[in-house]
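Reminder, nothing fancy here: chain letters follow the sequence lines and each chain counts from 1.
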Number of protein chains: 2
Amino acid sequence: MKCVEFLEEACQRAGLKMTTPRRAILKVLGEAKDHPSVEEVYTRANALDSSISMATVYRTLSMLEELDLVIHHSFKDDTNSRYELRHSHHHHIIDMDDHNVVEFDDPRLEKMLKDIMSEQGFDMVCHRIELYGRKKS
Amino acid sequence: MKCVEFLEEACQRAGLKMTTPRRAILKVLGEAKDHPSVEEVYTRANALDSSISMATVYRTLSMLEELDLVIHHSFKDDTNSRYELRHSHHHHIIDMDDHNVVEFDDPRLEKMLKDIMSEQGFDMVCHRIELYGRKKS
DNA sequence: TTGACTGCAAATGCTTTGCACCATT
DNA sequence: AATGGTGCAAAGCATTTGCAGTCAA
């Protein structure tokens, strides 16, 4: 099943109505290969339906975040919120020179984090890992 | 040497003038055992000198961040920026029930992060690790 | 039909800034 | 004396919200 279809189904399962703006925003998110800002989602969605407003983009993104379908990021040195589909679990390496983002996942890291929390008497719910660096020369 | 004295020296070394508002803010930060918001720093600093303005608190905190003397946090589900002295390297476990913050550091974790970045072709500059969870029952 | 959804514009809330005055060096 | 720092109020900007009209179910 395609990404967008999955999203639409998830929304419908949650009892939400499938409107043109929502479909457009879901399509944008489903096709995004980056971590677009609200502004960027707005611009891309407008290419599909020029009547979509910023308010709807904000409302839709919050809603999707609530449903755990997207992840809301706020990286350092970036006043803009960025969003990404929660398709797979991973973390980010931010290139401090060009602000590009590389994704990675590592089971050893996951285990270590869970262990650390356990030692401190907590059950882990989620975590945020951001590594900042520069390309090796 | 006491914390506040170290901060004052660091500021002077950076060529900054030591004014009453700055001294008050440095004292607040030096004595804080938590991660106060700008508003909280403002309130506490005002107890020492009631003429201090928010603008100065913002300006001073940005300045200290610039000098790498404090760390600027923006935790999830919290629209307020929070600040803490950069006295030691550590990360945070955020209690999702009461928003308390537990600090920890772990050399094994540090090494693993450095290794992961290296595998991806990066030299690590810094990182942000936040673990969210609930107390074990 | 009807409650959910939308666009619009106004409001909000955190943060920054221009300016005239003041204090540290 | 000179430069940098300050308070105040206004401006900025991302985000949220009230409202009246609109649309999916």
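- For the pair Glu8(A) CD and dA24(D) P, the interatomic distance rounds to 13 Å; values are reported in whole Å.
- Summary of the strand contacts: Asp49(A) and Leu16(B) both lie near DNA chain C, and taking for each the nucleotide with the nearest heavy atom, the more 5' one is attributed to Asp49(A).
- For the ring pair (Phe, Tyr, Trp, His ring centres under 6.0 Å) test, no residue two or more places apart in sequence or in another chain qualifies with His99(B).
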Polar atom pairs between nucleotides 17-20 of chain D and protein, under 3.5 Å, N or O only, would you list them?
{"residue": "dG18(D)", "atom": "O6", "partner": "Arg59(A)", "partner atom": "NH1", "Å": "3.4"}

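- Taking only side-chain atoms of Lys17(A), from C-beta outward, the nucleotide of dA4(C), dT25(C), dT16(C) with the closest atom is dA4(C).
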Subject >> His127(B) and His92(A): CA distance, side-chain angles, deciding distance, ring-ring contact (aromatic ring centres under 6.0 Å, His included) verdict >> reply: CA-CA 10 Å; His127(B) 48 242; His92(A) 300 97; over 10 Å; no
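- Counting to the nearest Å, the P atom of dT15(C) and the CD atom of Glu66(B) are 16 Å from each other.
- Applying the salt bridge (charged side-chain N to carboxylate O under 4.0 Å, His left out) test to every pair with at least one member in residues 19-31 of chain A, sequence neighbours left out, gives these pairs: Glu8(A)-Arg23(A), Lys27(A)-Glu31(A).
- If you find the closest nucleotide of DNA chain C to Thr19(B) and to Asn80(B), the one lying nearer the 5' end belongs to Asn80(B).
- Rounded to an integer number of Å, the gap from Met54(A) CE to dT15(D) P is 7 Å.
- Here Ile71(B) is tied to no hydrophobic group at all, with no ILVMFWY side chain closer than 4.5 Å.
- For the pair Asp78(B) CG and dG13(C) P, the computed distance is 15 Å after rounding to whole Å.
- Distance, Glu65(B) CD to dT16(C) C1': 14 Å, rounded to whole Å.
- Tyr42(A) is linked by a ring pair (Phe, Tyr, Trp, His ring centres under 6.0 Å) to nothing, counting only residues two or more places apart in sequence or in another chain.
- In this structure, of dT25(C), dT16(C), dT24(C), it is dT25(C) that holds the atom nearest to the side chain of Gln12(B).
- Taking Ile, Leu, Val, Met, Phe, Trp and Tyr as hydrophobic and joining them when side-chain heavy atoms fall under 4.5 Å apart, one finds Leu113(A) in a cluster with Ile93(A), Val102(A), Phe104(A), Leu109(A), Met112(A), Ile116(A), Met117(A), Phe122(A), Met124(A), Ile129(A), Leu131(A), Ile93(B), Val102(B), Phe104(B), Leu109(B), Met112(B), Leu113(B), Ile116(B), Met117(B), Phe122(B), Met124(B), Ile129(B), Leu131(B).
- For dC14(C), the OP1/OP2 oxygens have no side-chain nitrogen or oxygen of Ser81(B) closer than 4.0 Å.
- Separating the CZ atom of Arg82(B) from the P atom of dC14(C) is a distance of 12 Å, rounded to the nearest angstrom.
- For DNA chain C, the residues of residues 20-44 of chain B within the heavy-atom distance limit of 4.0 Å (strictly under) are Val38(B), sorted by number.
- The aromatic rings of His87(B) and His90(B) are tilted relative to each other, their planes meeting at an angle between 30° and 60°.
- Judged as a ring pair (Phe, Tyr, Trp, His ring centres under 6.0 Å), and not counting sequence neighbours, the contacts of His72(B) are Tyr83(B).
- Between the CG atom of Leu61(A) and the P atom of dT6(C) there is a distance of 12 Å, given to the nearest Å.
- Within the structure, salt bridge (charged side-chain N to carboxylate O under 4.0 Å, His left out) pairs that include any residue of residues 59-73 of chain B comprise Asp68(B)-Arg86(B) (at least two apart or interchain).
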